K.L.:
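Dropping the structure in here first, questions after.
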Amino acid sequence: MPVPGDTYSSLTLIREVGSVKHGRNNVKVWLCQCTCGRQLDVNQASLVKGEVPACKVCRRGPCVICGSEIENESFSVKRNTCSEECRKEQARRKSLKAYSKKVLKAPAHNREIYQRRLENDPAHNKERYARMKEREKDLSQEARDAIRTKRNRDSNNWRRLWLEEIKEKDPKKYQEWLRSSRKRRNEHYKKKELLSFMALSEKLKSKVKGDQDENDVTESR
Ligand SMILES: [Zn+2]
Ligand SMILES: [Zn+2]
C-alpha cells in the first residue's frame, strides 16, 4: 500500500485527501508534490499505473516556440504551445515549411499557377488589387500596416529561399538577378529624387506666383 513519502516518477505523496469512485470501487486520492514544487491531487490507481507521472506543467514541457512554461490550467497535457500567439506562430512555421518544401521540389510551381491564372483571366491582377482594397477599406491604418508587414515578410521569405537555391545551382542566374535588382533599386531612387525635385519646383513656382500676386495687389492700391 502506498504511504506518505512514497514517490511515483516525479510525484511524492504528501497525504491522503479523500477518495473517488473508480469503476466499481473507491480509490484513495493523494495530495502529491511534483519535483518542480507544484502540488496536485491524483487518484491512487492513476499513480500506481503510471498514468500521471508528473504535474501537468512538467508533462507538457516548455513551449516549442518561446520556451516558457505552459501553465494554463484549461490546456490538455498534449498541448505544446503556451499561448494563442505561440500557437499561431507554430501553425505559421508549419505551413511555411510545407510550402518551401513544395517550392523546392518544383521551383516553377508559383510561376506556373500564376501564368495559368493570367491566361484564364487577363484582368486577374487588377481584380485582385481591387479585392484587396475592398478588404482593407474599413481597417485602421495600423491594421493595414500589419497586413503589409506580414505580406512583405512572407514574400521576403520566398525570395530568400529562391535566392539561396539559385545561388548554389545557377550562379549565373543569381548574378543576373543581383544586377537587375541593383538596376531596379537605382531606378527607384532616381524616380524618388525626380519626384521630390518636381514637388520642390512646384512649391517654388507657387511661392513666386504668390509673391507676384501680392505685388500686383500693392501696385493697384
Ligand atoms: Zn511539475
Ligand atoms: Zn510560448
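For ligands, and for the atoms within them, numbers begin at 1 and follow the listed sequence. This structure is a prediction, so every number in the text was calculated from the model and none was measured.
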K.L.:
Counting C-beta onward and ignoring hydrogens, is there a side-chain heavy-atom pair between P62 and S68 closer than 4.5 Å?
P.N.:
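A side-chain contact under 4.5 Å is absent here.
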K.L.:
Ignoring hydrogens and geometry, is there a side-chain-to-backbone donor-acceptor pair from R60 to F75 under 3.5 Å?
P.N.:
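At least one qualifying donor-acceptor pair exists.
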K.L.:
For residues T149 and R151, is any side-chain donor paired with an opposing acceptor at under 3.5 Å?
P.N.:
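Absent: no donor and acceptor within the cut-off.
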K.L.:
Give a rough value, rounded to 10 degrees, for the angle at the Zn ion (ligand 1) between atoms SG of C55 and SG of C34.
P.N.:
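That angle is 110°.
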K.L.:
Do you see a donor-acceptor pair shorter than 3.5 Å between the side chains of N120 and R117?
P.N.:
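No pair is found: no donor N or O on one side chain lies under 3.5 Å from an acceptor on the other.
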K.L.:
What is the SG(C66)-the Zn ion (ligand 2)-SG(C63) angle, to the nearest 10 degrees?
P.N.:
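Value, to the nearest 10 degrees: 110°.
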K.L.:
Given atoms SG of C58 and SG of C36, what angle do they subtend at the Zn ion (ligand 1), to the nearest 10 degrees?
P.N.:
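Value, to the nearest 10 degrees: 110°.
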